[in-house]
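Throughout, protein chains are lettered first and strands after them, A, B, ... in sequence-line order, and every chain is numbered starting at 1.
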Amino acid sequence: MTNYWLMKSEPSEVSVDDALAAPGATVAWTGVRNYQARNFMRDGMRIGDGVLFYHSSCAEPGIVGIARVASAAYPDPTQFDPQSPYFDPKSQPEAPRWLLVDVQMLQKTRNLTLAELRASDELRELIVLRRGSRLSITPVEPEHWQLILKKLGVNTPI
DNA sequence: GCCAACGTTGGC
DNA sequence: GCCAACGTTGGC
């Protein structure tokens, strides 16, 4: 059973172009420090799941690429690195608190902007559009996934 | 830069 | 277990 997800990244941290340029077009999704988002990675994600790559906290927030989950969840090394902004002194190596998955870019798309998403009646239930939604990882319904890919003119690769 | 919304922390 | 205070997210 393939699931679908929307994952937010600040382009000033890791942009869709950064992800594409990475070895294997694959990046480790570091820095998730929210339990709900962590649990989605740990309990919900499977290798091969579809990912909508979303740019947040930028001039034109929106979906900018299609990716796939490329690993199972494993401990995020940045939680143990005192030099990292994601360092968590309360996390113990024998009981890691924070996890990540590898995410592989499949293709860059045009920017399907937040404004455009909001304008779609059929996408009204998309979690990322909810008022005050701050979750960096949210599940996406298959119907929403299909509709978004259609809007992007992308043949479903997953 | 502002601020609404939300999650986390910690005193009690 | 409650809840006020605080910190963060993220659109605008």
Less than 3.5 Å apart, which donor and acceptor atoms pair up between the side chains of residues 81-93 of chain A and the rest of the protein, not counting sequence neighbours?
unit_1	atom_1	unit_2	atom_2	d
D81(A)	OD1	Q83(A)	N	2.8
S84(A)	OG	Y86(A)	N	2.9
D88(A)	OD1	K90(A)	N	2.9
D88(A)	OD2	W98(A)	NE1	2.8
S91(A)	OG	Q79(A)	OE1	2.8
S91(A)	OG	R97(A)	N	3.0

Going 5' to 3' through nucleotides 7-12 of chain C and flagging B where a protein heavy-atom sits under 4.0 Å of the base, S where only the sugar-phosphate is that close, and - otherwise, we get BBBBSS
- request: Could you name each residue pair satisfying side-chain hydrogen bond (donor to acceptor under 3.5 Å, both in side chains) that touches residues 16-28 of chain A, not counting sequence neighbours?
  value: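 Residue pairs with at least one partner in residues 16-28 of chain A: S15(A)-D18(A), D17(A)-K108(A).
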Contacts of type ring-ring contact (aromatic ring centres under 6.0 Å, His included), residue F53(A), not counting sequence neighbours: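 So F53(A) forms a ring-ring contact (aromatic ring centres under 6.0 Å, His included) with W29(A), H55(A).
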field: Pairing residues for R42(A) by the side chain to side chain contact (heavy atoms under 4.5 Å, CB included) criterion, not counting sequence neighbours
entry: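 Listed in chain order: R38(A), N39(A), L99(A).
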**Those residues that, when tested against E143(A), pass salt bridge (Lys or Arg N to Asp or Glu O under 4.0 Å) (two or more places apart)** =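 Once residues adjacent in sequence are excluded, E143(A) has no partner under the salt bridge (Lys or Arg N to Asp or Glu O under 4.0 Å) criterion.
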